Amino acid sequence: MQEFFDIAITDFTDTFEGAFLFPVLLTAALFILWQEKDLTRKLLLGALPLVFLLLYWCPLTGILFMKILGENVYWRILWLLLLAVTIPYGGCLLLKKFTGIRRQGMFLLCMAGLIVCGKELLSQEWFEPSTNVYKLPQYVIEVGELLPDHVHGIVSNRLLPYIRMYNPTITLEYGRNALAYNGIEETDSHEQMLYLEAQKKEMDLGVLIPLAEEVQVDFFVFSNNRTYIGEWEDYGYEHYGSTDEFDIFFRKGYEAAEEGAE
């Protein structure tokens, strides 16, 4: 029970961190329940958000959803709270109570309230100027230009969401969903063992490479601040190329094998 509340509280605070939109949402939902005459709108825009909040915080339904959805995605239930619909509709109901200059003044007050309670969307935390036509981080482009087509590899977590957007012929042994494995200490899963080994600041090549070879990984792309126990050459791998932030290693004979297959 305590674990459920720990997860629910953490997810909730992370979702609304840096803004005060939750009390605005709650106020709008209650105002809709009070003022809306149409039963369908009253239920959809007033009652339903409160029902979703009850389901989220209730331990019985919360624990059930965690088992069905997974603890790492439980917070997505909060996506069902339609802030962009409920809050404006509540505001419109409020504006209907005024006329003329008073309505215009109340409209300005509502806008000011949203600005104060909200969070700057186009901030550097979430957005950055595009440096290329792909609208991808430049370090992804630099790595993608070096990698050949149709390779199967393991890449740094920073590249996971983007590298196949640049070159969809590249296949990855694990995708960004593998981030859920962070924190696991013991496992019998081959994919999890491979992922966890690749996250270490100092990777043991004697452990990493045999695990990778079982699933025919040919290329590795890691941040250049990583260190290794052992030498890549001793395990049949060579340095393929580098960018300012990443080093690329590949299995010896890979290119020859590809040419022979053609």
Side-chain angles (χ1 to χ4, degrees), residues 4-59 61-62 64-66 68-138 158 161-162 165 176-177 179-180:
F4 160 73
F5 281 112
D6 289 341
I7 295 173
I9 292 171
T10 300
D11 290 348
F12 188 84
T13 53
D14 287 347
T15 300
F16 291 98
E17 182 181 11
F20 298 94
L21 285 180
F22 176 69
V24 177
L25 169 69
L26 202 59
T27 301
L30 293 173
F31 189 75
I32 291 171
L33 283 176
W34 178 33
Q35 292 293 322
E36 178 58 55
K37 305 302 182 184
D38 183 84
L39 181 60
T40 301
R41 295 175 184 175
K42 184 190 293 282
L43 293 176
L44 290 178
L45 301 177
L48 201 57
L50 301 179
V51 171
F52 285 142
L53 285 171
L54 178 63
L55 293 176
Y56 178 86
W57 285 109
C58 176
T61 54
L64 175 63
F65 287 144
M66 281 188 184
I68 295 174
L69 302 175
E71 295 179 359
N72 294 301
V73 295
Y74 179 65
W75 60 275
R76 292 184 180 177
I77 291 179
L78 297 173
W79 287 1
L80 299 176
L81 301 175
L82 302 179
L83 280 75
V85 177
T86 302
I87 293 176
Y89 191 79
C92 289
L93 286 180
L94 177 62
L95 292 176
K96 285 178 61 177
K97 293 187 168 297
F98 299 89
T99 57
I101 190 67
R102 292 184 178 181
R103 177 178 291 180
Q104 296 176 16
M106 181 55 64
F107 174 78
L108 293 176
L109 286 176
C110 289
M111 293 298 99
L114 288 177
I115 292 172
V116 172
C117 295
K119 183 177 181 180
E120 183 182 356
L121 180 62
L122 300 177
S123 61
Q124 292 184 351
E125 181 181 359
W126 306 109
F127 292 89
E128 59 184 36
S130 176
T131 58
N132 53 74
V133 296
Y134 295 94
K135 304 295 191 294
L136 295 174
Q138 190 60 34
R158 294 177 59 207
Y162 306 113
M165 295 172 65
R176 58 182 176 180
N177 287 340
L179 298 176

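Here the structure is a predicted model, which is why all the values come from computation and not from measurement. Excluded from the calculations below are hydrogen atoms, water molecules and symmetry mates; all remaining heavy atoms, backbone and side chain alike, are included.
Proximity of L80 to L55: side-chain heavy atoms (C-beta onward) are nowhere separated by under 4.5 Å. With contacts defined as side-chain heavy-atom distances shorter than 4.5 Å, the pair Y89/L82 does not qualify.
Between P59 and F4 the shortest heavy-atom distance is CA-CE2, 3.5 Å. Scanning all heavy atoms of the two residues, the minimum distance from L94 to C110 falls at CD2-SG, 4.1 Å. V24 approaches L114 most closely through the heavy-atom pair CG1-CD2, 4.5 Å. Nearest heavy-atom pair, M106 versus F98, reported as atom, atom and distance to 0.1 Å: CE-CZ, 3.7 Å. The shortest non-hydrogen separation linking L33 to K42 is O-NZ, 2.7 Å. Pairing each heavy atom of A8 with each of M66, the nearest pair is N-CE, 4.4 Å.
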* To do: Evaluate the side chain to side chain contact (heavy atoms under 4.5 Å, CB included) criterion for residues F65 and V73: first the C-alpha distance (whole Å), next the side-chain angles of each, then the deciding distance (0.1 Å), finally the verdict.
  => CA-CA 10 Å; F65 287 144; V73 295; over 6 Å; no
* To do: Starting from the C-alpha separation in whole Å, work towards a yes-or-no answer on side-chain hydrogen bond (donor to acceptor under 3.5 Å, both in side chains) for K96 and Q35.
  => CA-CA 10 Å; K96 285 178 61 177; Q35 292 293 322; over 6 Å; no
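Other residues, nucleotides and ligands contribute only 12 or fewer heavy atoms inside 6.0 Å of the OH atom of Y162. In this structure, F107 places its CZ atom where only 12 or fewer heavy-atom neighbours from other residues, nucleotides or ligands lie under 6.0 Å away. Heavy-atom neighbours of R103 CZ from other residues, nucleotides or ligands within 6.0 Å: above the threshold of 12.
T27 OG1 to I87 CD1: the interatomic distance, rounded to the nearest 0.5 Å, is 9.0 Å. Rounding to the nearest 0.5 Å gives a distance of 11.0 Å between CG of L43 and CG of L50. From I32, atom CD1 reaches atom CG of L45 across 5.0 Å, with rounding to the nearest 0.5 Å. To the nearest 0.5 angstrom, I77 atom CD1 is 9.5 Å from F52 atom CZ. Distance check, rounded to the nearest 0.5 Å: CZ of R102 to CG of L95 gives 14.0 Å.
Among residue pairs with one or both ends in residues 25-44, those qualifying as ring-ring contact (aromatic ring centres under 6.0 Å, His included) are F31-W34; sequence neighbours excluded.
In this structure, Y56 and Y74 have parallel ring planes: the angle between them is below the 30° cut-off, well short of the 60° mark.
Tested against L26 for a side chain to side chain contact (heavy atoms under 4.5 Å, CB included), the candidates L53, L21, T86 yield a single pass: L53.
In this structure, the side chain of T13 engages the main chain of T10 through a donor-acceptor pair within 3.5 Å.
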